[in-house]
Amino acid sequence: MSLLPQQLAAVIRGGITAAQAAGELPAFALPPLRIDRPKRPEMGDYASAAALQINKQVGKPPLEVAKIIAARLPTSELIDSVEVVPPGFINIRLSEAWLRMQVEHLIAAGDRAFQSSDAAGRTAQVEYVSANPTGPLSVHRIRGGVLGDTVANLLEVIGYTVTREYYFNDAGQQMNKLGESVRARYLEILGQDAAFPEGGYKGLYIRMIAATIYAFKGDSLRDASGDQFRQIAATAIIERIKLSMRRVNIRHNLFFNESSLYSENAVWDTVQALRDRGYAYDQDGAVWFKSSALGDEKDRVIVKRTGDPTYRLPDMAYHKNKLDRGFDLVVDVFGADHAATAPQVLLGVRALGYDPSTVRTIIHQMVELVEGGESRRMSTRRGDFVELDELIDDVGADAVRFFMLAQSPNTAMNFDVDLARSQGDENPVYRIQSAHVRCAGIMRKAAEKGLDDEGADLNHLGAEELKFLRKIIEIPEMIERAISDMSPQAAAFFALDLAGAFHPLYDRVRVLSDQEGIPLEIQKARLRFYRACKVVFKRLLSLMGMSAPEVMERREDSGKNKAEAETVEE
RNA sequence: GCCCCUGUAGCUCAGAGGAUAGAGCGACGGUCUUCUAAACCGCAGGUCAGAGGUUCGAAUCCUCUCAGGGGCACCA
């Protein structure tokens, strides 16, 4: 089923073609017709500016054109009435009967509410987090994780089969440094002098890994290579990263090993493919990607004089691999620190002969934690970064999910730790979850009193409930738009908005308790309505990877458990 | 120097070429004590950084200027 605005646009188009057939409008090719949602309620639920779009071709004033179209509109079960207003808008009011019916549809759909099959049969791959396993997951990285995971959720709602993927960077210089760093700490434990590698990793976790190795293996790795230490360390760290991600409901279907690109020759095949297509050449002992031919400011090295690839080459080979797997859509989530590579990867995709529009990227800006009006800055290399686990301990997983989502990826994030930690209504997380809790409370109370809403007559719903339903039915449009614009934050803002509309409604539209007593039929209809609301809030929360609590339950004083913060060495 | 992102209410931020630019927090004023996650109602608050341009119509698209952030390796 297509989206509501599309259905309404079809109705408008029907009016125009009918008027053309009747000779009231000249024949011409119609532009795509947009349906807007007016800001003010008296302008109706939806509006078409079609008359303003086409009045030039018609050669009549837009108001007159609008009147002609409106008079020729085909009947639709969606529409209650239309109104033509200057300068030529056609305002549409939705059918209330149709709106009431949505309550039953929502309840019937339950956890699959808003599930569509628009993209059924299509496959998508979403790559996110992909942090090098050189240390614990940082707060900055998880922003991309939350954005990517939410995009994946949204894609599934419209019918995509989604592969959630982590590009596991288990090769390369940084990983070698990791191995050498652990080796040096291990030898320290054995009482040997070991040169700590330049630019090595100095966090406490390196010592802990070394100590664990010693605990299990004693001094048997005395003569082991850095490579062996690298493998042990990478495994330990990736497991820890997985645990951290799981705490915020992030799971991947596939950890793609960078090393497989080498073992399967994909990297060198990619170089050859570029050569074959005339996009690679040798110069100064290196192999260059002729990206300037595709608009880049200069060509880029893909194989160093040493014979080692630069980071670009495996990135391109990885994308070649993704596209060869036949995905209809590939989504990359990068942090601002990698922003420069994204366009180059896309050039690579083009150079290799793939359609670059298959690949969408989300590039998010940095995260800054703000606490007590001061920022806690972070840098992975120095080691004074804030770990995700520390933040989760502090503010809770749901708050991390929500706050990381609820900002446009393009803006540098100020993560308000004090607000995220607070347990009152000023915290948007509580605001949204409490809407669900309140619905659940009504259900519980009604069940205790034996009130049954099965077969309720929804004609007893009032104007406020209908207004709320009008908001709910925007959700499919919101999802569609979040995907087409790659703006998953829309889900967070929508949920907050909906909760904001819910609480006043809850206050006025009572089901059970009221001094004057509420007639049974109205109680039933309202209970039915709140049952649908509960479905909606639960669904929105799960889309955002958040929990939907049934009862009020304040977190224990999480407080500031920072005793175990890592000491930093320089 | 070049590239990317940002500049909208006191603060944090939404905003889709359409009608009188929105939310939350904070401020101010008033109800209420709950189907218990203390709420509800009202009010104030704006040169959409600035200047040009495109358009019937611009916070939104284009150009320039100013300010802030990030990035510019044969590092990843």
Side-chain angles (χ1 to χ4, degrees), chain A residues 34 36-40 43 47 49 52-53 55-56 62 85-89 91 132 134 169 171-175 177 199 258 284-288 297 300-312 314-315 335-343 363-366 368 370 373 406-416 419 423-428 430-431 433-446 448-449 451 477 481 484-485 487 489-490 492-494 496-497 499-500 503-504 506-514 518 523 526-527 530 549 551-554:
Chain A
R34 294 202 22 226
D36 298 306
R37 191 173 276 274
K39 288 176 184 147
R40 302 165 61 77
M43 296 168 175
L52 294 138
Q53 283 181 275
N55 79 81
K56 266 189 181 165
V85 290
F89 291 102
N91 293 339
N132 284 2
T134 54
N169 214 315
Q173 272 306 309
Q174 297 305 317
M175 292 307 291
K177 286 210 170 117
E258 182 189 358
D284 304 331
V287 184
W288 295 71
E297 55 191 21
R300 311 284 176 173
V301 171
I302 50 176
V303 182
K304 297 182 238 178
R305 210 172 313 175
T306 60
D308 296 319
T310 65
Y311 66 92
R312 294 183 193 95
D315 279 356
D337 46 342
H338 287 224
T341 75
I363 296 171
H364 67 85
Q365 302 298 307
M366 308 301 256
E368 196 168 320
V370 180
Q407 212 154 104
S408 161
N410 288 336
T411 58
M413 172 178 290
N414 293 304
F415 190 110
D416 187 336
L419 180 62
Q423 308 203 17
D425 200 58
E426 70 277 8
N427 185 342
Y430 281 72
R431 224 179 151 68
Q433 290 182 326
S434 79
H436 184 265
V437 167
R438 285 179 148 181
C439 291
I442 297 172
M443 299 300 118
R444 255 195 324 276
K445 203 88 173 187
E448 280 169 24
K449 294 198 175 185
L451 181 65
E477 298 160 46
R481 178 153 208 99
S484 65
D485 292 354
S487 56
Q489 74 274 18
F493 290 113
F494 189 94
L496 190 55
D497 233 36
H503 291 295
Y506 170 90
D507 196 62
R508 282 191 294 267
V509 181
R510 321 288 289 178
V511 176
L512 298 165
S513 71
D514 192 291
I518 303 167
Q523 287 191 344
R526 289 179 178 175
L527 182 58
Y530 282 114
V551 288
M552 170 270 249
E553 192 176 297
R554 290 186 185 271

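Order of the sequence lines sets the chain letters (A, B, ...), proteins ahead of strands, with each chain counted from 1. Fair warning: this is a prediction, and the values are worked out from it, not measured in the lab.
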Self-check item: Residue matched to G46(B) through Watson-Crick or wobble contacts both under 3.5 angstrom
Solution: none
Practice problem: Using the closest heavy atom to pick a nucleotide of RNA chain B for each, name whichever of Glu297(A) or Asn410(A) lands nearer the 5' end. | Solution: Glu297(A)
Quiz item: Contact class for Ala286(A) (heavy atom, under 4.0 Å): base, sugar-phosphate, or nothing?
Solution: base
Quiz item: Between C25(B), U12(B), G70(B), which one does the side chain of Arg431(A) approach most closely?
Solution: C25(B)
Quiz item: Of Asp485(A) and Gln173(A), whose closest RNA chain B nucleotide lies nearer the 5' terminus?
Solution: Asp485(A)
Quiz item: Reckon His503(A) touches a base, only the sugar-phosphate, or nothing at all at heavy-atom distances under 4.0 Å?
Solution: sugar-phosphate
Quiz item: Which part of the nucleic acid does Gly441(A) contact within heavy-atom distance under 4.0 Å: base, sugar-phosphate only, or nothing?
Solution: sugar-phosphate
Quiz item: Where the side chain of Tyr430(A) is concerned, which of C41(B), A76(B), A37(B) is the nearest nucleotide?
Solution: A37(B)
Quiz prompt | Donor/acceptor link under 3.5 angstrom from Asp507(A) side chain onto base of A38(B) | solution = no
Quiz item: Quick one: the side chain of Gln433(A) and the base of A37(B), do they pair up donor-acceptor inside 3.5 Å?
Solution: yes
Exercise. Enter the distance from Tyr311(A):OH to Arg300(A):CZ here, rounded to the nearest 0.5 Å.
Key: 7.5 Å
Quiz prompt | Nearest-Å distance once atom P is located in both A38(B) and C43(B) | solution = 27 Å
Exercise. Look at all strands and tell whether Val509(A) reaches a base, only sugar-phosphate, or nothing, counting heavy atoms closer than 4.0 Å.
Key: base
Quiz item: Would you say Asn132(A) reaches A76(B)'s phosphate, i.e. side-chain N/O to OP1/OP2 under 4.0 Å?
Solution: no
Practice problem: For Arg481(A), answer base if it contacts any base atom (sugar-phosphate contacts may also be present), sugar-phosphate if it contacts only those atoms, and nothing otherwise; contact means non-hydrogen atoms under 4.0 Å. | Solution: base
Self-check item: Asn169(A) side chain, from C-beta outward: closest of A16(B), A19(B), A76(B)
Solution: A76(B)
Quiz item: Can you tell me if Asn91(A) uses its side chain to pair, donor with acceptor, with the backbone of Ala47(A) under 3.5 Å?
Solution: no
Self-check item: Spacing of Phe415(A) atom CZ relative to C13(B) atom P, expressed in whole Å
Solution: 13 Å
Quiz item: If you look at every strand shown and take non-hydrogen atoms under 4.0 Å, does Val85(A) touch a base, only sugar-phosphate, or nothing?
Solution: base
Quiz prompt | Contact under 4.0 Å: Asn55(A) side-chain N or O vs C56(B) OP1/OP2 | solution = no
Self-check item: Listed nucleotide nearest any side-chain atom of Ser434(A), set U12(B), G18(B), A37(B)
Solution: A37(B)
Self-check item: Proximal nucleotide (of C74(B), A39(B), U6(B)) relative to the Thr310(A) side chain
Solution: C74(B)
Quiz prompt | Partner nucleotide, any strand, of A21(B) [Watson-Crick/G-U, under 3.5 Å] | solution = none
Quiz item: Have His503(A) and Arg431(A) got a donor and an acceptor in their side chains that come within less than 3.5 Å?
Solution: no
Exercise. Please check the phosphate of C41(B) (OP1 and OP2 only) for any side-chain N or O of Arg508(A) closer than 4.0 Å.
Key: yes
Practice problem: Verify the contact: side-chain N or O of Lys177(A) to OP1 or OP2 of C75(B), cut-off strictly under 4.0 Å; return yes or no. | Solution: no
Quiz item: Looking at Arg34(A), does any N or O in its side chain come under 4.0 Å of the phosphate oxygens OP1/OP2 on A16(B)?
Solution: no
Quiz prompt | Closest listed nucleotide, where the reference is the side chain of Gln365(A) and the choices are A37(B), U6(B), C5(B) | solution = C5(B)
Quiz item: Which one, A76(B), G18(B), U36(B), comes nearest to the side chain of Lys445(A)?
Solution: U36(B)
Quiz item: Among A14(B), A19(B), C75(B), which is the nearest nucleotide to the side chain of Ala47(A)?
Solution: A19(B)
Quiz item: Taking the side chain from Gln523(A) and the backbone from Val511(A), do they hold a donor-acceptor pair closer than 3.5 Å?
Solution: yes
Quiz item: Are the ring of Phe89(A) and the six-membered base ring of G18(B) within the stacking cut-offs of under 5.5 Å and under 30°?
Solution: no
Quiz item: Counting side-chain heavy atoms from C-beta on, which of G18(B), U6(B), G71(B) comes nearest to Thr411(A)?
Solution: U6(B)
Quiz item: Counting any heavy atom closer than 4.0 Å, what does Asn427(A) reach on the DNA or RNA strands: base, sugar-phosphate only, or nothing?
Solution: nothing
Quiz item: Nearest to the side chain of Pro504(A) - C41(B), G18(B), A39(B)?
Solution: C41(B)
Quiz item: Across the strands shown, which category fits Pro314(A) at heavy-atom distances under 4.0 angstrom: base, sugar-phosphate, nothing?
Solution: nothing
